[in-house]
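Contents: one structure, followed by commentary.
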Amino acid sequence: MLQWFENLKGMNDKQLQKFAKQQELEFSIEEIKKLRKILSNASITWGIYGIPQNVREEIEQLIGSKRYKKLRKVIGF
């Protein structure tokens, strides 16, 4: 999970899109921008206690159930 958050902050949109694709996740640039906004308040406590329910719901609404489940599996949350 930490690698994803690090990449989210350190990579530009195209790089992050390519990184996700390497992990068999397809995101549009627009989705990546929205994910950045949703996850902008991420903190280390998320790694300890998990991502808050409202944030998980927002992500699922953005990318759909199928990709959300795959993202959860890849990231490990």
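Computed from heavy atoms alone, side chains included, the values below leave out hydrogens, waters and symmetry copies. Here the structure is a predicted model, which means the values were calculated and not measured.
Annotation: Q61, atom CD; neighbour count of heavy atoms from other residues, nucleotides and ligands within 6.0 Å does not exceed 12.
The line from NZ of K34 to CD1 of I63 is 12.5 Å long, rounded to the nearest 0.5 Å. With rounding to the nearest 0.5 angstrom, the CG atom of L62 is 13.5 Å from the NZ atom of K33. Considering CZ of R72 and OG of S65, their distance stands at 11.0 Å, rounded to 0.5 Å. The distance from atom CG of L35 to atom CD of E30, rounded to the nearest 0.5 Å, is 10.5 Å. Here the CE atom belonging to M11 is positioned 12.0 Å from the CD atom belonging to Q17, to the nearest 0.5 angstrom. From L25, atom CG reaches atom NZ of K70 across 6.0 Å, with rounding to the nearest 0.5 Å.
Closest approach of E26 and R67 over heavy atoms only: O-NH1, 2.6 Å.
Evaluation of the side-chain contact (heavy atoms from CB on, under 4.5 Å) rule for T45 yields S43, Y49 as partners, not counting sequence neighbours. Checked against side-chain contact (heavy atoms from CB on, under 4.5 Å), R56 has the following partners two or more places apart in sequence or in another chain: I51, Q53, Y68, F77.
Residues R36 and D13 meet the side-chain proximity criterion, which asks for heavy atoms closer than 4.5 Å. Side-chain contact between I59 and L39 is present, with heavy atoms from C-beta onward closer than 4.5 Å.
Under the 4.5 Å side-chain heavy-atom criterion for ILVMFWY residues, a single connected hydrophobic cluster contains both V74 and F27.
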